[in-house]
Participant: 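This structure is in structure tokens; I'll ask about it shortly.
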Amino acid sequence: MRFHELRAQYLDYKEEINFAVQHVFDSCEFIMGKEVFDFENELAQYLNCKNVISCGSGTDALLLALMAIDIKPGDEIITTPFTFIATAEVICLLGATPVFVDIQQDSYNIDVSKIEEKITLKTRAIIPVSLFGQPADMDEINALAVEYGARLGNKIYVIEDAAQSLGALYKGKKSANLSDMGCMSFFPSKPLGCYGDGGAIAVKDDNLAEKIKSLRVHGQTKRYYHQYIGFNCRLDTIQAAILRVKLKYFDEELKRRSRIATYYHDSLFNCNVILPTIKSDRTSVYAQYSIRSRDRDQVIDFLRKTSIPVAVHYSKPLHLQACFRYLNYREGDMPVAEKISNEIFSIPMSAFITESQQNDVVNSIRKISATVCQDERIN
Ligand SMILES: Cc1ncc(COP(=O)(O)O)c(C=O)c1O
């Protein structure tokens, strides 16, 4: 069994994907070919968003979003410490400072009630991450940004890191289109993945959208005329062609992921592990199906021995990473993120894992929880 079963997915779409890629080879439009713009339009339609700009990766998407609003040294960006490094890395690449806010114990997303105390005159943006596929509390975050932006006389942007949550619904609206900008990743193992690196940004404001289009091609507004300092972060035409095929089947895949999550939930609810909590006004696309155990390491050991692939997202919160030592955070500063990172692990999730594979996962967890996790309940 593989953690994501990418091969099974490829075999299912093989003919269409090979045809689409061959078409790009035949056209020789490798850079910014027609497929790139077709994919952007189709994704914009999917999100019900006016502007979608593709780019080289989810990391590029975050960087472009911050560059578009002129983030510079001295600026502060509020975000979560319980995420993939890219979310905070891009802030530092522009010389700005990530300001970490602890997470909620149930959703693992940023704790809105703790954001306010971190807003200062230097706050330029908030980057909530819709972790593991479940949107963060976007309405509350947007409202805080508007309120404090007006009070401080400086717009505070909300940039959703939707790298893991494309396809999720929040009060009936699509993740990535819930705030000023939403950044997506098409890394192969993401719910909508390509066959290399890829990303996109959904943008509400037309002027920002134009600027981002220019930033992704060296800040160029017309050939060899450079309005901004940009860089090269275009989505390859080949990747766009692959994504166009996969987007057609994306909602069907999400339904299958959701059915697997329900099966896991129903089968594991009494196994002394903490299962994901999805709030009632939103859905998750289960980029990861992550569960918790106080005996995480023993459980993982056993699962691996029984050939069940497991991963840990994430074993060390960002405020304690060596690269952020200069920010002077200490152990204990983000107690919830620290506790969760000691207990969490992810089990196989993809639209392509078979029923028998799902059974194997469940049976192995049942077996190990009957021994190591016996008299334990974790809160
Ligand atoms: C939350 C989050 N943000 C950003 C990224 C970066 O995306 P990419 O790998 O496409 O650069 C990822 C990818 O794993 C992610 O999970």
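Order of listing sets the numbers, starting from 1, for every ligand and every atom in it. Keep in mind that the numbers below use all heavy atoms, side chains included, and drop hydrogens, waters and symmetry copies. No experiment lies behind these values; they were computed from the predicted model shown.
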Participant: What protein heavy atom sits nearest atom 9 (O) of ligand 1, and how far off is it?
Facilitator: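 Result for atom 9 (O) of ligand 1: Phe187 CD1, 4.0 Å.
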Participant: Does Lys246 count as lying over the ring of Phe250, i.e. NZ or CZ under 6.0 Å from the six-ring centre, within 45 degrees of the axis?
Facilitator: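 Pair Lys246/Phe250 does not count as cation-pi.
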Participant: How close does the nearest protein non-hydrogen atom get to atom 13 (C) of ligand 1, and which residue and atom is it?
Facilitator: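 For atom 13 (C) of ligand 1, the nearest protein heavy atom comes out as Lys190 NZ, 3.0 Å.
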Participant: Looking only at non-hydrogen atoms, which of Ala163, Gly56, Ser57 approaches atom 2 (C) of ligand 1 most closely?
Facilitator: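 The residue whose heavy atom sits nearest atom 2 (C) of ligand 1 is Ala163.
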Participant: For ligand 1, which atoms have a heavy atom of Ala86 less than 4.0 angstrom away?
Facilitator: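 Answer, ordered by atom number: 4 (C), 5 (C), 6 (C).
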Participant: Polar-atom distance check: Gly58 versus ligand 1, any N or O pair below 3.5 Å?
Facilitator: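 Yes, since at least one N or O of Gly58 sits under 3.5 Å from an N or O of ligand 1.
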Participant: Just to confirm my output: which protein heavy-atom neighbour is closest to atom 6 (C) of ligand 1, and how far is it?
Facilitator: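 Answer, as residue, atom name and distance: Thr59 OG1, 3.5 Å.
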Participant: Do me a favour and list the nearest non-hydrogen protein atom to atom 12 (C) of ligand 1 with residue, atom name and distance?
Facilitator: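 Looking at atom 12 (C) of ligand 1, the protein heavy atom closest to it is Phe84 CD2, 3.5 Å.
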Participant: Using heavy atoms and a 4.0 Å limit, tell me yes or no: is Asp197 in contact with ligand 1?
Facilitator: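 The answer is no, since Asp197 has no heavy atom less than 4.0 Å from ligand 1.
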Participant: What's the shortest distance from atom 3 (N) of ligand 1 to any protein heavy atom, and which residue and atom give it?
Facilitator: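 The closest one turns out to be Asp161 OD2, 2.7 Å.
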Participant: Going by atom types only, do Glu160 and Tyr170 share a side-chain donor-acceptor pair under 3.5 Å?
Facilitator: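 Absent: no donor and acceptor within the cut-off.
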Participant: Could you walk me through whether Asp70 and Lys211 pass salt bridge (charged side-chain N to carboxylate O under 4.0 Å, His left out), step by step?
Facilitator: CA-CA 11 Å; Asp70 295 317; Lys211 187 169 176 186; 3.0 Å; yes
Participant: Between Arg330 and Asp333 (salt bridge meaning N to carboxylate O under 4.0 Å), is one present in this structure?
Facilitator: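 Salt bridge: no.
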Participant: Start with the C-alpha distance between Phe186 and Phe39, add both sets of side-chain angles, then the distance that settles ring pair (Phe, Tyr, Trp, His ring centres under 6.0 Å), and finish with yes or no.
Facilitator: CA-CA 12 Å; Phe186 308 125; Phe39 172 64; 5.5 Å; yes
Participant: Check the orientation of Phe84 and Tyr314. Use parallel for under 30°, tilted for 30 to 60°, and perpendicular for over 60°.
Facilitator: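 Tilted.
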Participant: Any N/O of Thr83 closer than 3.5 Å to an N/O of ligand 1?
Facilitator: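 There is no such contact.
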